[in-house]
Undergrad: 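Here it is, the structure, as structure tokens.
Because only heavy atoms are used, hydrogens play no part in the values below, and waters and symmetry mates are left out as well, while side chains stay in.
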Amino acid sequence: MRMLLSLTALALALTLPAQAQQQSKFKRCLQPDEVVAEQLLHHGVFLRESGRRCNDMKPGTEKLWNDFEQKFMDKLKKQVDKHAKLFKREFKDDALKVITYFDGRLVTYHRHYPLSTVYCENVSRMLNDVTKSGWKAFDKQAKIVQNEIWTDYKACQ
């Protein structure tokens, strides 16, 4: 029986995604402003990487992102700074290593996501929306599109 439980625990540990295992290492929970910052950061990475990659299928998407990034550079930097502060707080001993892992995983995912016409059309639509409507549209999109941060982080209740 003990052998079966050990094998079951091992199988479960191997099947849990790395981010779910990492979540348990967060000592504290994220405050509401930190959750928003993470959503915005994730959404920015998604739009940046997708905009670049979709540019061949949907010309102009890279420029749309670059224009948005240029216009809202200060607000984007503020989110990046909150992100760094969060990781320094949570992982004092190895913050750089952990943030590099989290950020690298995120960028790698979006750089290798399979492209399709529908995907690039949606990216183009989102980029057009944030270019025309500004930060409010970006914030609204981030809350919907990047809500999977709940699998990476523990939010305060």
Undergrad: Could you tell me whether the side chain of L86 reaches within less than 4.5 Å of the side chain of K82, counting heavy atoms only?
TA: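 With C-beta onward as the side chain, the pair stays apart.
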Undergrad: State the CG-OG1 distance between N66 and T131, to the nearest 0.5 angstrom.
TA: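 Answer for the CG-OG1 pair, N66 versus T131, is 10.0 Å.
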Undergrad: Is it the case that the side chains of H43 and D139 hold a donor-acceptor pair, with the cut-off being a distance below 3.5 Å and no angle test?
TA: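 H43 and D139 do not have a side-chain donor-acceptor pair below 3.5 Å.
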Undergrad: For residues C54 and Y119, determine if any side-chain heavy atom of one lies less than 4.5 Å from a side-chain heavy atom of the other.
TA: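 Side chain of C54 against side chain of Y119, heavy atoms only: contact under 4.5 Å found.
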Undergrad: Provide the closest heavy-atom pair for Q141 versus L47 in the form atom of the first, atom of the second, distance.
TA: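 Closest heavy-atom pair between Q141 and L47: OE1-CD1, 4.0 Å.
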Undergrad: What's the separation between atom CG in L64 and atom CE in M126, rounded to the nearest 0.5 Å?
TA: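 Reported to 0.5 Å precision, the distance equals 12.5 Å.
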Undergrad: Pair D103, H83 - check side chain to side chain contact (heavy atoms under 4.5 Å, CB included), show working.
TA: CA-CA 10 Å; D103 294 351; H83 176 69; 2.8 Å; yes
Undergrad: Under 3.5 Å, is there a donor-acceptor pair between the side chain of S124 and the main chain of C120?
TA: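 No; zero donor-acceptor contacts below 3.5 Å.
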Undergrad: Does any part of the side chain of L40, heavy atoms only, come nearer than 4.5 Å to the side chain of W135, both counted from C-beta?
TA: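 With C-beta onward as the side chain, the pair touches.
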Undergrad: Atom CZ in R48, atom CZ in R111: separation rounded to 0.5 Å?
TA: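 With rounding to 0.5 Å, CZ (R48) is 6.5 Å from CZ (R111).
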Undergrad: So E34 and R89, do their side chains get closer than 4.5 Å, heavy atoms only?
TA: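 SC-SC contact between R89 and E34 confirmed.
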Undergrad: Heavy atoms, side chains only, cut-off 4.5 Å: are D81 and K77 in contact?
TA: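 With C-beta onward as the side chain, the pair touches.
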Undergrad: Is the H42 to F46 ring centre distance short of 6.0 Å?
TA: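 That pair fails the under 6.0 Å test.
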Undergrad: Which heavy-atom pair separates S50 from V123 by the least distance, and what is that distance?
TA: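 So the two residues come closest at CB-CG2, 3.6 Å.
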Undergrad: What's the separation between atom CZ in R52 and atom CD in E62, rounded to the nearest 0.5 Å?
TA: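 These two atoms lie 6.5 Å from each other.
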Undergrad: Checking the side chain of K58 only, and the main-chain atoms of N55 only, is there a donor and an acceptor separated by less than 3.5 Å?
TA: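 Side chain of K58 to backbone of N55: no pair is present.
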Undergrad: Taking all heavy atoms of D56 and all of P59, pick out the closest pair and write down the distance.
TA: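 Reported closest heavy-atom pair: O-CD, 4.2 Å.
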Undergrad: I need the minimum non-hydrogen distance between H110 and R53, along with the two atoms involved.
TA: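 In terms of heavy atoms, the two residues are closest at O-NH1, 3.2 Å.
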Undergrad: Quick one: NZ on K78 to CG on D33, what's the gap to the nearest 0.5 Å?
TA: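 Result: 10.5 Å between the selected atoms.
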Undergrad: In sequence, state the C-alpha distance, the side-chain angles, and the governing distance for F68 and F138, and then conclude on ring pair (Phe, Tyr, Trp, His ring centres under 6.0 Å).
TA: CA-CA 10 Å; F68 177 80; F138 181 71; 4.9 Å; yes
Undergrad: So, taking the atom named CG in L127 and the one named NZ in K132, what distance separates them when rounded to the nearest 0.5 Å?
TA: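 The distance works out to 11.5 Å.
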